[in-house]
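All chains are named by letter (A, B, ...) in the order of the sequence lines, taking the proteins before the strands, and each is independently numbered beginning at 1.
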Protein chains: 2
Amino acid sequence: MPFPQTEIPGRLQKQLAGRGIRMTAQRRAILSVIEMATKHLDASQILRKARRVDATVDRSTVYRTLDLLKRQGLIDELDLMHIKGEGHYYERRLDRDHIHMACLRCGKITEFASKTFDSLKKQLERDCHFHIVVSRLEVGGYCSGCRR
Amino acid sequence: MPFPQTEIPGRLQKQLAGRGIRMTAQRRAILSVIEMATKHLDASQILRKARRVDATVDRSTVYRTLDLLKRQGLIDELDLMHIKGEGHYYERRLDRDHIHMACLRCGKITEFASKTFDSLKKQLERDCHFHIVVSRLEVGGYCSGCRR
DNA sequence: AAGCCTCTTGCGATCAGTTGCGACTGGAGA
DNA sequence: TCTCCAGTCGCAACTGATCGCAAGAGGCTT
């Protein structure tokens, strides 16, 4: 997503295979679509693009694969405040959690990484004795271009 | 949700009416369910409870009312990391944003308010010139009881 | 109280996401 | 290479959420 030029094709595949997870043609198609994405994709977009790679990909397979990737901690699921409908978006998980900011007027998505966010998570773990596996901070409001 | 004993029945209704929003019997039923809730409710639970108040409430009316309340900034929508399925949960919006922490093992939901979270939001507004209207921080992991 | 008009509703259809079943197959082992 | 079996797939049905339409009604004005 943020760094398309540095993505290494086949990395998701290697990561799954390295965990003993079976690889199929359909999964390869789906993985390649996710890796090559230059913007946030929802499930139907992933399905459409994956079908261009392999026409046998079924909708339920896309959802199952996304679910697998989520459970393996390899992708993040976002709803981007549902500004474009009820669906979810998916993106590669990077090393550092970042915040998604969705403009309620123009729909622009801004991403922001912050040390304060990292500190906040550490605080949660410490104060609540909670071991964080996945976190998601999404914000809706007005971007600089749309502010009144 | 966190403070059921301090909730004032009819407050949501007054808030909507004060904004010139039309009040119906169905909306009253739905609002009372949300106000009286002592735990996070999903749409079907709200529907079921609202129907006990007024049997004419339709499912689509529940969703519409929830959407209206969201847009008016009176409730928050949470997915609680979808640990209990794909649906969403709804709760009254309080003055101070808080974080939801969902245990991936036992399903327990912990809520936490933090000054660091407030600071983080201020940082976003400042650094990105973004006016925040709504924010949501959800965390999935293992609670103190389930940690290994 | 009656009239009016804009908003809201129920209902059925549709879309986002999930599930169960039987058929298929990836990949490990011989 | 062949066998095998546990995992995966497509498909149809189901659930969470939304949409469009015609009928109903809230609430304001007279």
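Checking side-chain atoms of E111(A) against main-chain N and O of H98(A) turns up no donor-acceptor pair under 3.5 Å.
Protein atom CZ of R59(A) is 10 Å distant from nucleotide atom P of dG17(C), rounded to whole Å. Atom CG of L16(B) and atom P of dC7(C) are 15 Å apart (whole Å). Taking atom CG on D54(B) and atom C1' on dG24(D), their separation rounds to 14 Å, with Å as the unit. For the pair E86(A) CD and dC15(C) C1', the interatomic distance rounds to 7 Å; values are reported in whole Å. Per the geometry, CG belonging to D42(B) stands 15 Å off C1' belonging to dG17(C), to the nearest Å. With rounding to whole Å, D67(B) atom CG is found 14 Å from dT8(C) atom C1'. In this structure, the CD atom of Q45(B) is 10 Å from the P atom of dG16(D), given to the nearest Å. In this structure, CG of L47(B) is placed 14 Å from C1' of dC11(C), rounded to the nearest angstrom.
In this structure S119(B) satisfies the side chain to side chain donor-acceptor pair (under 3.5 Å) test with no other residue, sequence neighbours excluded. Partners of T110(A) according to the side chain to side chain donor-acceptor pair (under 3.5 Å) rule, which considers only residues two or more places apart in sequence or in another chain, do not exist here. Residues satisfying the side chain to side chain donor-acceptor pair (under 3.5 Å) criterion with Q72(B), sequence neighbours excluded, are R19(B). Checked against ring-ring contact (aromatic ring centres under 6.0 Å, His included), H131(B) has no partners two or more places apart in sequence or in another chain. Residues forming a side chain to side chain donor-acceptor pair (under 3.5 Å) with T116(A) (at least two apart in sequence, or on another chain): Q123(B). Scanning for salt bridge (charged side-chain N to carboxylate O under 4.0 Å, His left out) contacts around R126(B) gives an empty result, with sequence neighbours left out.
Between H88(A) and dG17(C) there is a side-chain N or O to OP1 or OP2 distance below 4.0 Å.
Nucleic acid contact for R27(B): sugar-phosphate only, since backbone atoms but no base atoms lie under 4.0 Å from a heavy atom of the residue.
Hydrophobic clustering, defined by side-chain heavy atoms of Ile, Leu, Val, Met, Phe, Trp and Tyr closer than 4.5 Å, groups L137(A) together with I99(A), M101(A), F112(A), F117(A), L120(A), L124(A), F130(A), I132(A), V139(A), I99(B), M101(B), F112(B), F117(B), L120(B), L124(B), F130(B), I132(B), L137(B), V139(B).
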Please tabulate, for side-chain N and O atoms in residues 20-29 of chain B, each donor-acceptor pair with protein atoms closer than 3.5 Å (sequence neighbours left out).
{"residue": "T24(B)", "atom": "OG1", "partner": "R27(B)", "partner atom": "N", "Å": "3.1"}
{"residue": "Q26(B)", "atom": "NE2", "partner": "T56(B)", "partner atom": "OG1", "Å": "3.4"}
{"residue": "R27(B)", "atom": "NH1", "partner": "R22(B)", "partner atom": "O", "Å": "2.7"}

Mind listing the N/O atom pairs, protein and nucleotides 1-4 of chain D, below 3.5 Å?
none

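A salt bridge (Lys or Arg N to Asp or Glu O under 4.0 Å) check over residues 65-89 of chain A, counting only residues at least two apart or in different chains, returns the pairs D67(A)-R71(A), K70(A)-E77(A), D76(A)-R93(A), D79(A)-R136(A), D79(A)-R136(B).
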Heavy-atom protein contacts under 4.0 Å, nucleotides 19-30 of chain C, coded B base, S sugar-phosphate only, - none = BBB---BBS---
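Ring-plane geometry between H88(A) and H88(B) is classed as parallel, the angle between the planes falling under 30 degrees on a 0 to 90 degree scale with a further cut at 60.
DNA chain C is contacted by no residue of residues 70-84 of chain A, taking any non-hydrogen atom closer than 4.0 Å.
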